[in-house]
A.B. asks: 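Take a look at this one; I'll ask things after.
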Amino acid sequence: LIKEDVLLLKVDVEGWEWSVMQGAAQLLENFDVRNVVMEYSPGVPERHYFIPEIKATIQMLINFCMSAYKIAHLDDEHKHENSQDQQLGPFQEIKRHNLLYDLLD
């Protein structure tokens with residue numbers, strides 16, 4: 001169990017982000033987690049007809065937007081062009097209203 005500030009929390013769980021972040025709730029509430037990197041994969045719960053989990057994931061992302069976190073769209077088109085020693089360019093920020101659209105869709 002982590003009981004200290006965290007520079008980077010990487011979550012790569014192919015659509016089960018909401019469940020993992022529930023488990024990380026105390027870490028997020030009690031410590032400074034500077035950066036969270038995760039993939040938003042609504043298709044996995046959708047394929048298993050887990051509609052409540054889809055909505056819970058979107059609401060979780062909205063909550064991140066309402067806190068100190070920024071959500072960015074990582075463009076797949078250019079992901080292999082940069083070498084690991086080059087700095088990434090700017091990302092398109094996802095705002096709360098974008099996620100509200102997904103929640104209502």
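These numbers come from a predicted model, not from an experiment.
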A.B. asks: Apply side chain to side chain contact (heavy atoms under 4.5 Å, CB included) to the pair M21 and L28, showing each step before the final yes or no.
C.D. replies: CA-CA 9 Å; M21 297 311 285; L28 293 166; 3.5 Å; yes
A.B. asks: Does the side chain of N35 come within less than 4.5 Å of Y69's, by heavy atoms?
C.D. replies: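 Side-chain contact under 4.5 Å: no.
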A.B. asks: Do the side chain of N98 and the main chain of K95 share a donor and acceptor less than 3.5 angstrom apart?
C.D. replies: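 A pair under 3.5 Å: yes.
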A.B. asks: Rounded to the nearest 0.5 Å, how far does CG of L104 lie from NZ of K55?
C.D. replies: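 Answer for the NZ-CG pair, K55 versus L104, is 8.0 Å.
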A.B. asks: Could you tell me the separation between the CD1 atom of I58 and the CG atom of N63, rounded to the nearest 0.5 Å?
C.D. replies: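 One gets 12.0 Å once the value is rounded to the nearest 0.5 Å.
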A.B. asks: Using side-chain heavy atoms (C-beta onward) and a distance below 4.5 Å, is D5 in contact with R34?
C.D. replies: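 They are not in side-chain contact.
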A.B. asks: Do you reckon V11 sits in the same ILVMFWY cluster as V37, going by side-chain contacts under 4.5 Å, direct or chained?
C.D. replies: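 Result: no, two separate clusters.
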A.B. asks: Once you round to the nearest 0.5 Å, how far does CD1 of I94 lie from NZ of K70?
C.D. replies: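 Reported value, rounded in 0.5 Å steps: 13.0 Å.
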A.B. asks: In terms of hydrophobic clusters joined by side-chain contacts under 4.5 Å, are M66 and M60 together?
C.D. replies: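 Yes, M66 and M60 fall within the same hydrophobic cluster.
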A.B. asks: For V36 and V33, which heavy atoms make the closest approach, and how far apart are they?
C.D. replies: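 That would be CG2-CG1, 3.9 Å.
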A.B. asks: Check the hydrophobic clustering (I, L, V, M, F, W, Y; side-chain heavy atoms under 4.5 Å; chains of links allowed) and say if I2 and L7 are grouped together.
C.D. replies: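 Hydrophobic grouping puts I2 apart from L7.
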A.B. asks: Within this structure, what is the CG-CZ distance for the pair L9 and F31, rounded to the nearest 0.5 Å?
C.D. replies: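 Interatomic distance, L9 CG to F31 CZ, rounded to 0.5 Å: 13.5 Å.
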A.B. asks: Evaluate M38 against K10 for side chain to side chain contact (heavy atoms under 4.5 Å, CB included), listing each step before the verdict.
C.D. replies: CA-CA 6 Å; M38 78 173 84; K10 183 176 186 282; over 6 Å; no
A.B. asks: Heavy-atom count check: over 12 atoms from other residues, nucleotides or ligands less than 6.0 Å from Q59 CD?
C.D. replies: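 Yes, because the 6.0 Å sphere around CD of Q59 holds more than 12 heavy atoms from other groups.
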